[in-house]
> 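What follows is a structure written as structure tokens; I'll ask about it next.
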Amino acid sequence: MNIPLKRFGEPYYIMERGSIDMKMHFLLTSMQRAQTESFNIKELEHYVHSVIKSYLLLESTAKGSGIKDWQDLGFITTERSSCAFAKGLMRNIGKDLDHNMPNETLERWLHLTPQFLQLWREVYAQLYTRHGGSKRTHIKEVEICILPQLCDAPHSSHYRPIIELPHVLYINAQLPREMRHKWRFLFSSKIHGESFSTMLGKMLDKGPTLFFIEDEDQYIFGGYAPESWALKPQFAGDDTSLLFTLSPAMRCFSSTGYNDHYQYLNLNQQTMPNGLGMGGQFEFWGLWLDCMFGEGQSVESCTTYGDYVQLSKRKQFKIRNLEVWAVGDLPVKDEEGNVEGQKRSVLDGNLEDRAMLEIAGKQMHSDGLREPGMDD
């Protein structure tokens, strides 16, 4: 059977240049729903799951794909995580996922779920251009990174990733676009030990960071901090901050704008909390890691983040494993070694040693001698 060239290339054209309406009709046709006014949500979830698996398979067999670096480090894909990823992408469509919905709902979902559109488009791009040389060079410069480059990978036989490849894809799409191209490994409690001071020494002044925590109930959750961490008694960060859960379900909670309690880090204070916090308020944290390491908190409600649910199974949780990754490029430092745009005192050197002294209760008397304007 001969297929006209125009018809053969139609799916590729729809993925690359088609409108949302064209993509919706193509999706309905793929689900054999083209002649109906509704679609079955379970069928859509199955289709989304197939797109996810197809993307990961195509990336795994593509020449020069960065996915091999992740796989070599132990990042895998299981049926459980890929199914959870599909359900996470479906979350915008509604809570009841076991009945038919009008086609207008599908169109709205496509508008609200650009990550699916990107994965879907990439699958067809690879299928159509796998043996055609350089793909889509005319628009490559405006593409958004799906899978980040893996940098500074740990060289340790003790390392076992907390998360899987579908988790990486899901979280990367939640980050600001300029941060999606690169993840830089900083800390793992399995490699570096259960030490709060060591963790701080690895992550201070490293730019925006991701935390991945596995608790004793094997829940996996974490947060994205958009600013470099620094020890101070005030909240920092901005409204690109996130909290998220990855297992047993994938959910992401973005800022409500109700308050600016995005990231907090303090040590050795008698009247203030000592540890690392994101969201909520003192003693009632969206995510809290105690400075003594090993224990944390996630409360039932948190006004800092919208649609928030408790991250861990228990309000007070115990850490089984913890990782910290920086995202984006390493912040540029000036000639004095300070991060551009961030004023630093000479008293802030030797960050890991300072953190250890603070945890040990050794007061930093010289803090009162900081240069004017350093604590603004």
> Taking side chain as C-beta onward, heavy atoms only, is Leu265 less than 4.5 Å from Leu204?
yes
> Before giving the answer on side-chain contact (heavy atoms from CB on, under 4.5 Å), spell out for Glu164 and Ser247 the whole-Å C-alpha distance, their side-chain angles and the decisive distance to 0.1 Å.
CA-CA 10 Å; Glu164 299 180 8; Ser247 182; over 6 Å; no
> For the residue pair Asn100 and Asn40, confirm or rule out a side-chain donor-acceptor distance under 3.5 Å.
yes
> Hey, is CG on Asp307 packed in by over 12 heavy atoms from elsewhere, all under 6.0 Å?
no
> Please check if the number of heavy atoms outside Phe8 that lie under 6.0 Å from its CZ is greater than 12.
no
> Can a side-chain donor-acceptor contact be found between Thr36 and Ser38 if the only test is distance below 3.5 angstrom?
no
> Between Asp238 and Thr240, does any side-chain donor sit less than 3.5 Å from a side-chain acceptor?
yes
> Checking the side chain of Arg33 only, and the main-chain atoms of Glu43 only, is there a donor and an acceptor separated by less than 3.5 Å?
no
> Do Phe221 and Phe317 have ring centroids that are under 6.0 Å from one another?
yes
> Can you say whether the rings of Tyr159 and Phe75 are parallel (under 30°), tilted (30 to 60°) or perpendicular (over 60°)?
tilted
> Could you check whether His25 and Asn103, counting side-chain N and O atoms only, form a donor-acceptor pair closer than 3.5 Å?
no
> Output, in order, the C-alpha distance, side-chain angles, deciding distance and verdict of side-chain hydrogen bond (donor to acceptor under 3.5 Å, both in side chains) for Tyr219 and Thr245.
CA-CA 8 Å; Tyr219 277 46; Thr245 68; over 6 Å; no
> To the nearest 0.5 Å, how far apart are OG1 in Thr304 and NE2 in His261?
6.5 Å
> Taking Phe244 as the fixed residue, which of Tyr170, Phe212, Phe253 is the one that meets the ring pair (Phe, Tyr, Trp, His ring centres under 6.0 Å) rule?
Phe212
> Is a donor on one side and an acceptor on the other found under 3.5 Å between the side chain of Arg180 and the backbone of Pro148?
no
> Salt bridge check, Arg314 against Asp217: does any charged N sit closer than 4.0 Å to a carboxylate O?
yes
> Atom CD1 in Ile191, atom CZ in Arg160: separation rounded to 0.5 Å?
10.0 Å
> Determine all donor-acceptor pairs shorter than 3.5 Å in which one atom belongs to a side chain in residues 62-69; sequence neighbours excluded.
unit_1 : atom_1 : unit_2 : atom_2 : d
Ser65  : OG     : Glu59  : O      : 3.1
Ser65  : OG     : Glu59  : OE1    : 2.6
Ser65  : OG     : Ile67  : N      : 3.2
Lys68  : NZ     : Ser60  : O      : 3.2
Lys68  : NZ     : Ala62  : O      : 2.9

> For the hydrophobic clusters of this structure (ILVMFWY residues joined by side-chain heavy atoms under 4.5 Å, transitively), does one cluster hold both Leu322 and Leu287?
yes
> For Glu79, is the CD atom crowded, meaning more than 12 foreign heavy atoms sit under 6.0 Å from it?
yes
> Under the 3.5 angstrom rule, does the side chain of Asp215 hit a backbone N or O of Gln218 as a donor-acceptor pair?
yes
> Counting only heavy atoms from other residues, nucleotides and ligands, does the tally under 6.0 Å from CZ of Phe235 exceed 12?
yes
> Evaluate Asp205 against Ser228 for side-chain hydrogen bond (donor to acceptor under 3.5 Å, both in side chains), listing each step before the verdict.
CA-CA 5 Å; Asp205 288 343; Ser228 284; 4.9 Å; no
> For this output row, return yes or no: ring centroids of Phe85 and Tyr55 closer than 6.0 angstrom.
no
> Would Trp288 and Phe282 show up in the same hydrophobic cluster when neighbours are defined by side-chain heavy atoms closer than 4.5 Å?
yes
> Any idea how Trp120 and Tyr124 line up, ring-wise: parallel (<30°), tilted (30 to 60°), or perpendicular (>60°)?
perpendicular
